[in-house]
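Some notes on the structure that comes next.
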Protein chains: 2
Amino acid sequence: MKELLRTKGFKSTPQRELIFDCFFSLGKHVSVDELYQKVRELDPSVGHSTVWRNLKLICLLGLAEEVNIGDGITRYDRTTPKPHGHFFCRSCKKLLEFDVGSVMGALVEAAHEFEFEPDGYKIEIQGYCSDCRQDGRTNDVATGSANDERKA
Amino acid sequence: MKELLRTKGFKSTPQRELIFDCFFSLGKHVSVDELYQKVRELDPSVGHSTVWRNLKLICLLGLAEEVNIGDGITRYDRTTPKPHGHFFCRSCKKLLEFDVGSVMGALVEAAHEFEFEPDGYKIEIQGYCSDCRQDGRTNDVATGSANDERKA
DNA sequence: ATTGAAAATGAAAGTCGTTTTCAATTGGCG
DNA sequence: CGCCAATTGAAAACGACTTTCATTTTCAAT
Ligand SMILES: [Mn+2]
Ligand SMILES: [Mn+2]
Ligand SMILES: [Zn+2]
Ligand SMILES: [Zn+2]
């Protein structure tokens with residue numbers, strides 16, 4: 001890791017090493033605050049902005065990418081050899097991954113038709129997972145007022 | 001439109017009618033502020049929160065859905081009969097639409113395997129459009145410091 | 001047409017994740 | 001070592017989104 005940083009012209013610091021380690025030891029789809037908490041378990045002196053900046057650096061190095069599921073919280077997903085898709089459950093907010101090998105061909109072709117040079121894919125399926133469906137947690141048609149956003 | 005609102009239990013107001021009209025007269029992928037500006041051209045007394053609330057209502061009625069391309073600005077896209085995908089150019093921020101009929105089968109199947117009940121699809125391909133590629137606007141590997149985010 | 005309850009509006013304030021600022025510290029090279 | 005740019009951390013700034021609340025308006029029932 002030190003090597004990768006140095007070859008790219010970045011310095012190695014204790015905080016940086018710790019943040020990188022924690023990021024890769026945590027699961028997928030980590031938010032700044034989740035990583036911040038984890039880091040502070042091991043070194044409470046590390047600042048929030050340092051975690052944020054190094055998460056950005058991890059992305060810059062191509063080791064992770066931002067994931068936006070629309071809840072206002074940016075999460076960071078370790079880059080995988082092959083692109084993968086996400087199931088996002090509207091009820092329990094779970095984020096499951098699935099293989100997208102079967103659709104990549106068509107997507108690459110679509111990009112080619114538009115003379116678009118793709119370098120990233122975001123494939124997300126929203127809905128309800130089996131757990132939540134069994135508990136009867138599916139949304140219903142609108143009936144209230146426009147002010148009633150509290151059901152989201 | 002008045003009818004649709006009433007059958008769903010919402011009241012019809014001049015502001016609401018105006019906002020709905022403006023939304024559908026504007027192009028796709030409209031942000032709150034873009035719509036707000038358009039509305040204020042015709043009635044400068046309409047408030048920001050009213051535009052926001054009615055945009056939410058439009059979504060609630062199933063006439064549009066939120067689009068999040070990761071720049072922190074929520075945009076609203078008119079619901080189309082068939083789902084469509086987006087090409088997002090990292091350089092000029094253009095958002096182009098493309099047909100996803102050729103991938104829906106595989107996605108539905110993937111969802112089925114996970115016992116996931118899909119009710120929305122988000123398919124986005126990031127990269128560079130032909131215009132920007134001709135102008136040599138493609139990103140390069142990281143070389144600066146972690147603080148240098150100003151290139152984004 | 002009148003009326004009253006519920007919904008909608010608009011200005012302002014609040015929320016909250018993200019990003020910047022800046023002074024102090026530190027890493028890495030000579 | 002000694003320098004200088006990179007990095008750090010606390011705090012403030014930012015900005016889109018959301019809520020609050022007093023006032024106004026709609027609309028269904030008189
Ligand atoms: Mn993932
Ligand atoms: Mn669209
Ligand atoms: Zn669920
Ligand atoms: Zn472009």
Side-chain angles (χ1 to χ4, degrees), chain A residues 1-3 5-20 30-37 39-40 43-61 66-76 142-152, chain B residues 1-3 5-20 30-37 39-40 43-61 66-76 142-152:
Chain A
M1 183 53 61
K2 263 188 169 61
E3 306 75 52
L5 284 170
R6 219 167 292 173
T7 64
K8 296 287 185 179
F10 296 98
K11 293 183 176 177
S12 170
T13 68
Q15 297 94 331
R16 179 162 287 170
E17 293 293 329
L18 177 59
I19 291 167
F20 274 55
V30 183
S31 69
V32 177
D33 280 324
E34 283 165 355
L35 181 55
Y36 176 64
Q37 296 307 329
V39 167
R40 304 243 334 172
D43 181 350
S45 72
V46 176
H48 173 94
S49 42
T50 299
V51 173
W52 177 81
R53 280 186 291 235
N54 278 290
L55 224 21
K56 288 288 187 185
L57 176 59
I58 288 171
C59 290
L60 210 52
L61 294 173
E66 302 191 345
V67 176
N68 240 203
I69 57 178
D71 65 351
I73 297 176
T74 302
R75 285 162 190 286
Y76 297 80
T143 328
S145 89
N147 288 332
D148 292 342
E149 313 299 330
R150 321 173 199 109
K151 68 190 61 163
Chain B
M1 185 53 62
K2 264 188 167 63
E3 307 75 51
L5 284 170
R6 219 166 290 172
T7 63
K8 295 287 185 179
F10 297 98
K11 292 181 177 177
S12 169
T13 69
Q15 296 95 331
R16 177 162 288 170
E17 295 292 329
L18 176 60
I19 291 167
F20 275 53
V30 184
S31 68
V32 176
D33 279 324
E34 284 166 353
L35 181 55
Y36 176 65
Q37 296 306 329
V39 167
R40 305 254 317 182
D43 182 350
S45 73
V46 177
H48 172 92
S49 43
T50 299
V51 173
W52 177 79
R53 281 186 291 235
N54 278 289
L55 223 22
K56 287 288 188 184
L57 176 58
I58 287 171
C59 290
L60 210 52
L61 294 172
E66 303 191 345
V67 177
N68 243 200
I69 58 178
D71 65 351
I73 297 176
T74 303
R75 285 163 189 285
Y76 297 81
T143 328
S145 89
N147 289 332
D148 292 340
E149 312 299 330
R150 323 175 197 102
K151 68 192 61 165

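Convention: sequence-line order gives letters A, B, ...; per-chain numbering from 1.
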Per-nucleotide pairing state of DNA chain D [Watson-Crick or G-U, under 3.5 Å; [ ] pseudoknot-crossing; | other strand] = ||||||||||||||||||||||||||||||
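Spacing between atom CG of B:Leu35 and atom P of D:dC17 amounts to 12 Å, rounded to whole angstrom units. The separation between A:Glu34 atom CD and C:dT18 atom P is 11 Å, rounded to whole Å. Rounded to whole angstrom, the span from the CG atom of B:Leu57 across to the P atom of C:dA7 amounts to 13 Å. One atom, CG of A:Leu5, and another, P of C:dT26, lie 19 Å apart when rounded to the nearest Å.
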Can you pull every protein N or O that's under 3.5 Å from an N or O on nucleotides 27-30 of chain C?
residue, atom, partner, partner atom, Å
C:dG27, O3', A:Ser12, O, 3.2
C:dG27, N2, A:Lys11, NZ, 3.3
C:dG27, N3, A:Lys11, NZ, 3.3
C:dG28, OP1, A:Ser12, N, 3.4

Collect all protein-nucleotide pairs involving nucleotides 11-16 of chain C in which both atoms are nitrogen or oxygen and the distance is under 3.5 Å.
residue, atom, partner, partner atom, Å
C:dA11, N6, B:Ser49, OG, 3.2

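In this structure, A:Leu5 and A:Leu61 have side chains that are in contact, with non-hydrogen atoms separated by less than 4.5 Å. A:Leu57 has its side chain within reach of A:Phe10: a pair of non-hydrogen atoms, C-beta onward, lies under 4.5 Å apart. Using a 4.5 Å heavy-atom cutoff, the side chains of A:Val51 and A:Val32 are in contact. By the 4.5 Å heavy-atom criterion applied to side chains, A:Leu35 and A:Ile19 are counted as neighbours.
Listed nucleotides D:dC17, D:dT7, D:dT18 differ in distance to B:Lys56; the shortest reach to its side chain belongs to D:dT18.
Near-neighbour residues of DNA chain C inside residues 66-75 of chain B, defined by a heavy atom below 4.0 Å, are absent.
Remark: A:Asp33 pairs with no residue by the side chain to side chain donor-acceptor pair (under 3.5 Å) rule, at least two apart or across chains. Take A:Ser49 and apply the side-chain contact (heavy atoms from CB on, under 4.5 Å) test, not counting sequence neighbours, and it matches A:Arg53. Considering only residues two or more places apart in sequence or on other chains, A:Gln37 meets the side-chain contact (heavy atoms from CB on, under 4.5 Å) condition with none of them. Evaluation of the side chain to side chain donor-acceptor pair (under 3.5 Å) rule for B:Ser45 yields B:Asp43 as partners, not counting sequence neighbours. Looking at residues two or more places apart in sequence or on another chain, you find a salt bridge (Lys or Arg N to Asp or Glu O under 4.0 Å) between A:Glu66 and A:Lys56. Residues meeting the ring-ring contact (aromatic ring centres under 6.0 Å, His included) test with A:Tyr36, sequence neighbours left out: A:His48.
In this structure, A:Asn54 does not reach the D:dT7 phosphate: none of its side-chain N or O atoms is under 4.0 Å from OP1 or OP2.
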